[in-house]
Asker: 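First the structure, then my questions, so here it is.
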Amino acid sequence: PSGGCDLLHVGSTIPRKRIDLLLRVFASVRRKFPQARLIRVGGAFTPEQKALVHALNLAQAVVVLPRLDSSVLGAVYRQSALVLLPSDREGFGLPLAESMACRTPVAVSDLPVLREVGGTAAEYCPPGDVDAWTAAVIRLLNERDQDPAAWSHRRSLCASRAAQFSWAEYARKMTEIYFRLLAA
């Protein structure tokens, strides 16, 4: 619904994605924003993650979706208030780039690879720190509700940063690498 408070996580549920942290942060955020929902895209929770959802009394506030085609996923990104990526390790952080391309602000673990992708457009949180993550998410949601100019600027930063990533640019750089290797 318009004006909702949907937090989004896109990705698998493997251990390095820290779904346990995501769920604990979400439970803490719901104390301040009881209308918040967590939308999880990428498939079902593991049995341990399902047990944690129930232990934290979140079953009615969590929506689990399968992998989605790109147009539907883009719509989910755009309708979300914020994207959360609490991983301990990432190879690139595609959900970060996708989120920014949809102008949806994102809070991510403070990892070098995610800083490389997010630049100044992302909000960085210490990996594994529930309290710091909770404070950052609440601060961002308060900004969205109380400072529309700052929120609009944040969304613009996301779009500007995402524009630096494209498949055409990737192909150009890879071609450049191959030509350098061939010349050597």
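Side chains included, hydrogens not; waters and symmetry mates left out as well; all remaining heavy atoms used.
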Asker: Would you say the side chain of L52 lies within less than 4.5 Å of the side chain of F45, judging by non-hydrogen atoms?
Answerer: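 F45 does not reach L52 side chain to side chain.
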
Asker: Tell me if a side-chain donor or acceptor on R30 pairs with a main-chain N or O of F26 at a distance below 3.5 Å.
Answerer: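 Side chain of R30 to backbone of F26: no pair is present.
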
Asker: Of all heavy-atom pairs between A121 and L157, which one has the smallest distance, and what is that distance?
Answerer: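 Heavy atoms only, the tightest pair is CB-O, 3.6 Å.
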
Asker: Are the side chains of S28 and W133 in touch, meaning some heavy atoms are under 4.5 Å apart?
Answerer: no

Asker: Any chance CZ of R16 has more than 12 other-residue heavy atoms, nucleotides or ligands included, within less than 6.0 Å?
Answerer: yes

Asker: Does V62 share a hydrophobic cluster with V10, counting links as ILVMFWY side-chain heavy atoms below 4.5 Å and allowing steps through other members?
Answerer: no

Asker: Determine whether K32 and N142 make a side-chain contact, defined as any pair of heavy atoms from C-beta on separated by less than 4.5 Å.
Answerer: yes

Asker: In this structure, which one of L141, I39, V83 forms a side chain to side chain contact (heavy atoms under 4.5 Å, CB included) with L7?
Answerer: L141

Asker: Is it possible for you to say whether L58 and F33 belong to one hydrophobic cluster, with membership spreading through side-chain heavy-atom contacts below 4.5 Å?
Answerer: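 Per the 4.5 Å side-chain linkage, L58 and F33 are co-clustered.
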
Asker: Rounded to the nearest 0.5 Å, what's the gap from CG on L84 to CZ on R18? Could you check?
Answerer: 13.5 Å

Asker: Which atom pair, heavy atoms only, marks the closest approach of D69 to V72?
Answerer: OD1-N, 3.0 Å

Asker: Any side-chain heavy atom of R154 sitting closer than 4.5 Å to one from E123?
Answerer: yes

Asker: Does R115 use its side chain to pair, donor to acceptor, with the backbone of G119 at less than 3.5 Å?
Answerer: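 Side chain of R115 to backbone of G119, a donor-acceptor pair under 3.5 Å: no, none is there.
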
Asker: Do K17 and S87 pass the side chain to side chain contact (heavy atoms under 4.5 Å, CB included) test, and can you show the C-alpha distance, the side-chain angles, and the key distance before you say yes or no?
Answerer: CA-CA 4 Å; K17 296 294 187 175; S87 303; 3.6 Å; yes

Asker: Kindly check if the number of other-residue, nucleotide or ligand heavy atoms within 6.0 Å of CD (Q164) is above 12?
Answerer: yes

Asker: Return the minimal non-hydrogen interatomic distance between A97 and F92, and the atom names on each side.
Answerer: CB-CE2, 4.1 Å

Asker: Nearest 0.5 Å please: distance from the CG atom of L111 over to the CG atom of D88.
Answerer: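 Reported to 0.5 Å precision, the distance equals 7.5 Å.
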
Asker: Check whether R40 reaches the backbone of G11 with its side chain - one donor and one acceptor, N or O, closer than 3.5 Å.
Answerer: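 Indeed, once roles are kept as given, a pair shorter than 3.5 Å links the two residues.
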
Asker: Give the C-alpha distance, both sets of side-chain angles, the deciding distance and a yes or no for side chain to side chain contact (heavy atoms under 4.5 Å, CB included) between R78 and V76.
Answerer: CA-CA 5 Å; R78 285 187 296 278; V76 173; over 6 Å; no

Asker: Identify whether V113 and V106 are in the same connected component of the hydrophobic contact network (ILVMFWY, side-chain heavy atoms under 4.5 Å).
Answerer: yes

Asker: Closer than 3.5 angstrom, by distance alone: can the side chain of T134 be matched with the main-chain N or O of V130 as a donor-acceptor pair?
Answerer: yes

Asker: Looking at Q60, I'd like to know if its CD atom is crowded, meaning that more than 12 non-hydrogen atoms belonging to other residues, nucleotides or ligands lie closer than 6.0 Å.
Answerer: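 For Q60, atom CD is not crowded (no more than 12 foreign heavy atoms under 6.0 Å).
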
Asker: Which heavy atom of P105 sits nearest to which heavy atom of A81, and what is that distance?
Answerer: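 In this case the closest contact between P105 and A81 is CD-O, 4.0 Å.
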
Asker: Just so I know, are the side chains of L38 and V29 near enough to count as touching, which here means a heavy-atom distance under 4.5 Å?
Answerer: no

Asker: Kindly work out whether a path of hydrophobic side-chain contacts (I/L/V/M/F/W/Y, heavy atoms less than 4.5 Å apart) joins L22 to V108.
Answerer: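 No, L22 and V108 fall in different hydrophobic clusters.
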
Asker: Show your working on side chain to side chain contact (heavy atoms under 4.5 Å, CB included) between R161 and T120 and close with a plain yes or no.
Answerer: CA-CA 8 Å; R161 182 66 183 173; T120 60; over 6 Å; no

Asker: Working to the nearest 0.5 Å, report the span between SG of C102 and CZ of R155.
Answerer: 10.0 Å

Asker: Surrounding CG of N57 (heavy atoms of other residues, nucleotides or ligands, distance under 6.0 Å), is the total greater than 12?
Answerer: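 Not more than 12 within 6.0 Å, no.
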
Asker: When you compare the side chain of C5 with that of R144, does any pair of heavy atoms fall below 4.5 Å?
Answerer: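 Answer yes - side chains close enough.
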
Asker: Compare all side-chain heavy atoms of H9 with those of I19 and state whether any distance is below 4.5 angstrom.
Answerer: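 The answer is yes; the side chains approach within 4.5 Å.
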
Asker: Quick check on the hydrophobic clustering: are L23 and V63 connected, directly or via other members, by side-chain heavy-atom contacts under 4.5 Å?
Answerer: no

Asker: Heavy atoms only: give me the nearest T13-Q49 pair and the separation to one decimal.
Answerer: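 That would be O-NE2, 3.0 Å.
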
Asker: Would you compute the distance between atom CE of M174 and atom CD1 of I177 and round it to the nearest 0.5 angstrom?
Answerer: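 Rounded to the nearest 0.5 Å, the CE-CD1 separation comes out at 5.0 Å.
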
Asker: State, with a plain yes or no, whether a side-chain heavy atom of L96 is found less than 4.5 Å away from one of M100.
Answerer: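 They are in contact (side-chain heavy atoms under 4.5 Å apart), so the answer is yes.
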
Asker: R139 and E143: salt bridge (Lys or Arg N to Asp or Glu O under 4.0 Å), yes or no, with the steps?
Answerer: CA-CA 6 Å; R139 183 171 27 77; E143 178 183 288; over 6 Å; no

Asker: Mind listing the closest non-hydrogen atom pair of V64 and A44 along with its distance?
Answerer: CG1-CA, 3.9 Å

Asker: Using atom types as modelled and distance alone, determine if a side-chain donor or acceptor of S109 lies under 3.5 Å from a backbone N or O of P86.
Answerer: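 Answer holds: yes.
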
Asker: Using side chain to side chain contact (heavy atoms under 4.5 Å, CB included) as the criterion, point out the one residue from L8, D6, L140 that pairs with L82.
Answerer: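 The passing option is L140.
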
